[in-house]
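In what follows, chains carry the letters A, B, and so on, assigned in the order in which the sequence lines appear, proteins first and then strands, with residues in each chain numbered from 1.
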Amino acid sequence: MKTAEIRRRWLDYFASKDHEIVPSASLISEDPTLMFTVAGMVPFIPYMTGLVPAPYKRATSVQKCVRTLDIEEVGKTTRHGTFFQMNGNFSFGDYFKKEAISYAWEFLTSSKADGGLELDPELLWVTVYKDDDESIKIWRDVANVPLERIQKRGMKDNYWSTGQPGPAGPCSEIYYDRGPAYGSEGGPEADENRYIEIWNLVFMQFERGQGTGKDSFEILGELPSKNIDTGMGLERVAFLMQGVDNLYEIDEVRPVLDLAAKLAGKTYGADADDDVRLRVVADHVRSALMLIGDGVTPANDARGYVVRRLLRRAVRAMRLLGVEAPVFKELFTASKNAMKASYPGLETDFERILRTAVNEEEAFLRTLNSGLLVLDEEIAKAKSSKALALTGDSVFLLHDTYGFPVDLTFEIAQEAGLEIDREKFTSLMNIQRQRAKDDAKQKRSTNADLSVYGEFRSIGVTKFTGYDELVSAAKVIGLIRDGLVVKELKEGDVAEVLLDETSFYAESGGQDSDSGFITGDGVSLEVLDVQKPVKGLVSHSVLVKRGSIAIGSKVSTEVSADWRLGAAQAHSATHVVHAALRQVLGPQALQSGSYNKPGYMRLDFSWSEALSQATRTEIEEVTNLAIRQDLAVSAQFMSVKEAKTFGAVALFGETYDESVRVIQIGGPWSRELCGGTHVSRSSQVGLVSIIGEASVGSGSRRLEAFVGFEAFQALASERALVATLTESLKVPREQLAEKIQSTVEDLRAAQRKLASLSMEQLKSKIPQLAQAAKKVGETKVVLEDIGPVDSADLVRELAAALRDKLESESAVAVIAGVSGDKIILIVATTKKAREAGISSGILVKEASAILGGGGGGKDDIAQGGGPELKKLGAAFAAIEKSIKR
RNA sequence: GGGGACUUAGCUCAGUUGGUAGAGCACCUGCUUUGCAAGCAGGGGGUCAGGGGUUCGACCCCCCUAGUCUCCA
């Protein structure tokens with residue numbers, strides 16, 4: 001049975017049991033503490049913990065998941081995959097153990113004709129938590145599983161909790177027996193390789209208290225509302241049903257593995273090491289495909305780094321298989337074709353996905369090539385010192401600084417007859433890991449506890465009235481100060497206010513929160529910030545300017561009209577610029593983030609190279625022409641599905657409700673899903689002026705602009721600057737650029753000429769100076785102060801020229817000049833003088849000491865100096881004296 | 001978020017006890033010669049990423065900023 005077929009049967013089965021089919025959430029988790037959606041239940045966590053009321057009693061999903069914790073194990077075992085799909089069914093305070101168990105059993109064992117998987121019941125084993133007699137009874141009575149195939153396990157294996165106080169409970173797992181060829185008899189307790197876990201049923205039954213680890217915490221009592229959370233690993237069931245050995249060989253993965261083998265000229269199954277590499281390629285290509293599909297782009301931090309790592313590991317594995325040419329185009333196409341039955345979006349987005357992957361492949365191939373140069377050097381160094389191995393430091397340097405993978409280093413070193421010091425390398429890696437972990441730990445401790453919002457959120461959502469009005473009547477439903485619920489706020493307090501409804505826009509979708517006041521009977525609160533700490537709940541951070549306020553108070557929310565106009569202009573401008581960007585660059589230039597507030601906007605978008613000045617200008621022109629055309633801006637609510645067929649741009653990394661708001665500017669010209677506030681016609685944006693474009697990392701660019709009056713101000717200040725320049729340079733503005741360029745050129749030419757003239761002038765003195773040389777012992781000595789000079793170069797040139805003039809004799813040229821408030825002193829000696837034991841360096845040192853400074857250099861020429869101008873005579877005398885010796 | 005490295009002529013890069021910035025390619029001029037990356041001679045081209053500090057003197061040492069590469073969480 002194909003994987004897509006199992007998936008379809010799953011959803012059909014639970015739909016027939018009144019479950020709401022919930023589409024897979026993005027791999028980018030909404031939970032900020034999670035990098036990715038790592039389990040099927042992740043999107044349902046707020047409902048499980050009661051932070052947000054569940055919109056349905058029963059739900060089912062097939063959730064895309066990514067886990068990279070065990071990335072090193074990929075390909076070596078049957079079970080580790082970085083990407084997998086989790087089939088889940090969930091109950092929120094509705095059915096419990098009995099139904100959960102009987103559904104699971106029925107789905108697995110009923111005939112294919114009846115929509116089940118028709119697994120042999122004799123091959124299924126179950127485990128239960130040791131004290132959960134209730135579940136044992138249900139398995140025996142409802143599913144007819146004999147007691148000998150029900151095994152009890154302790155807390156470590158069969159008790160679920162989040163690791164923190166909150167919901168917890170026993171779980172029960174279903175295993176499939178692969179037969180004696182895979183290991184010994186005795187159920188999962190004896191051999192988890194032969195008996196493969198396919199389904200975990202979690203019964204959220206109890207409230208747990210403080211404690212660490214998996215089994216050291218207190219059970220506080222039963223939960224008022226019990227939940228069911230189950231997960232069936234789609235890949236595991238697929239590989240069992242397709243009669244293959246592991247998840248890399250199922251229909252959604254195998255084609256990539258086969259293609260990789262073909263490209264490498266290898267036969268799968270012929271060599272254990274090669275097999276691991278082929279599985280790594282197949283796994284990583286699929287994971288990267290899915291992650292890029294969800295909008296993650298390779299980068300050096302967080303999620304982006306995971307994708308980069310997956311892609312680079314795939315390239316590395318191919319290279320170890322002997323393939324050096326680029327291969328992502330073929331491999332990604334194969335993976336897309338294998339996955340598109342379940343994820344049609346991959347097909348429509350494939351151009352973008354492939355380009356992202358191929359760009360990264362090219363970048364890494366470049367990195368590998370430059371790393372090879374460094375590696376060659378390290379190998380040569382090791383060989384010349386007769387070492388038998390590359391040092392751990394070298395291997396680490398290659399990996400850490402040049403991005404050269406260790407196993408490639410190993411292979412290449414071996415070919416050169418060298419080992420590598422793995423032990424030292426590993427210890428260096430551990431040091432780096434520890435450093436990063438310590439840092440992360442420090443940062444995490446500042447994360448806020450959201451539980452304080454739970455009780456207010458359960459009352460209902462905060463109604464947002466701000467689309468239609470700036471002022472709204474509201475009632476205070478909650479007050480929070482210093483993270484604690486309070487009854488009342490007094491003058492001077494800074495706290496959070498929760499209302500039943502509000503006209504204040506909370507920061508989201510890139511738009512900054514509204515500014516204004518909340519007023520009431522004798523009370524005035526300045527709104528500092530507005531956030532949505534929990535979905536549906538708006539929290540106003542305020543400063544109490546006057547009066548006091550209590551739960552139940554009637555108030556009025558008053559958004560500053562000026563602020564809102566600016567915010568609307570900036571947000572609409574962001575959409576216009578985005579549309580202009582896509583019109584000019586093409587649809588690949590997709591927004592990856594944005595921020596806007598009155599007068600300012602910035603837009604991050606996927607693009608791999610800097611925009612030329614001409615392109616920037618074109619984008620700016622298209623933007624401002626769209627503003628001038630006075631396009632209508634409209635907002636309408638529709639279902640996600642409708643919005644998609646409508647062609648609205650949905651941004652990755654953002655999650656949307658069932659009903660979404662679509663903002664259109666000029667009809668189809670700009671269609672985006674967006675909850676922000678907008679102007680009603682494009683002309684109201686006024687003006688957009690781009691102020692900068694920069695990289696925010698590989699593959700991503702940032703465009704910044706001023707909007708409305710601020711754009712005018714920015715242009716006006718540039719105009720003022722130009723006016724100042726035309727005035728001081730005395731040319732019309734059209735000739736300004738040319739004038740500046742020619743002025744700079746003239747200046748440089750003049751400086752050069754001046755320097756050469758002064759040099760000529762100085763050099764003209766040479767014969768005279770040579771003539772005037774004093775004889776000190778056997779040596780001719782010239783001592784000359786040439787007065788103020790621009791640079792030490794002049795002095796040096798003169799000293800050198802003079803020395804050259806006297807080269808045939810034993811001679812010393814000593815030239816002093818004054819630069820700023822310091823003396824520059826240069827001493828040059830001829831060859832004969834040096835042979836007589838005279839060193840420029842020593843002479844300069846002695847003389848400079850007298851001048852209150854220091855100096856030094858080589859025997860033939862040296863430079864020094866100091867601040868004491870009056871001591872020059874003494875310094876000259878010292879040199880003379882020193883030569884005499 | 002935390003580390004490591006890089007930034008020198010149009011391009012690719014050298015440049016250590018801190019003491020006058022170099023090579024190859026490209027460019028210009030001349031000669032030679034007709035070709036397969038032509039040869040010879042000469043020449044132009046540098047804010048040594050930007051800013052600050054230490055020093056008589058900084059491409060070099062210290063600090064800050066920016067850009068690029070890279071590893072780790």
Mind checking A:Gly403 for me? I need base, sugar-phosphate or nothing, with any heavy atom below 4.0 Å counting as a touch.
sugar-phosphate
What's the gap between B:A9 and B:A49 when it is taken at their P atoms, as a whole Å value?
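My reading of the P atoms in B:A9 and B:A49 gives 8 Å.
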Can you check the distance between B:U55 and B:U17, where both ends of the measurement are the C1' atom (answer in whole Å)?
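16 Å, rounded to whole Å.
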For A:Leu69, I'd like to know if atom CG has over 12 heavy atoms of other residues, nucleotides or ligands within 6.0 Å.
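No, CG of A:Leu69 has 12 or fewer neighbouring heavy atoms, counting only those of other groups under 6.0 Å.
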Determine whether more than 12 heavy atoms belonging to other residues, nucleotides or ligands lie under 6.0 Å from atom CD of A:Glu423.
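Counting other residues, nucleotides and ligands, CD of A:Glu423 stays at 12 neighbours or fewer.
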Is the distance from OP1 or OP2 of [N] to the nearest side-chain N or O of [X] less than 4.0 Å?
X	N	answer
A:Lys822	B:G57	yes
A:Thr367	B:C69	no
A:Arg433	B:G2	no
A:Arg309	B:A73	yes
A:Arg435	B:C71	no

Rounding to a whole Å, what distance do you find between [X]:[atom1] and [N]:[atom2]?
X	N	atom1	atom2	value
A:Asn359	B:U68	CG	P	15 Å
A:Phe364	B:C71	CZ	P	7 Å
A:Arg316	B:U70	CZ	P	16 Å

Is [Y] paired with [X] through a side-chain N to carboxylate O contact shorter than 4.0 Å?
X	Y	value
A:Glu378	A:Lys381	yes
A:Arg834	A:Asp860	no
A:Glu360	A:Arg308	yes

Pick out which of A:Arg316, A:Arg312, A:Arg313 makes a side-chain contact (heavy atoms from CB on, under 4.5 Å) with A:His284.
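Single pass found, and it is A:Arg313.
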Closest listed nucleotide, where the reference is the side chain of [X] and the choices are [options]:
X	options	answer
A:Arg796	B:U70, B:G1, B:U20	B:U20
A:Gln863	B:G57, B:G4, B:U70	B:G57
A:Thr401	B:A73, B:U70, B:A5	B:A5

Check if the side chain of A:Gln432 and the base of B:G2 share a donor-acceptor pair of N or O atoms closer than 3.5 Å.
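Present.
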Can you find an N or O donor on one side and an acceptor on the other, under 3.5 Å apart, linking the side chain of A:Asp400 with the base of B:G3?
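Such a pair is found, so the answer is yes.
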I want to check a possible cation-pi pair here: A:Arg702 against A:Tyr595, using under 6.0 Å from ring centre and within 45° of the ring axis as the test.
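The answer is no; the distance or angle limit is not met.
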Only Watson-Crick and G-U wobble pairs with both distances less than 3.5 Å should count. Give RNA chain B in dot-bracket notation, marking inter-strand partners with |.
(((((((..((((.....[..)))).(((((.......))))).....(((((..]....)))))))))))).
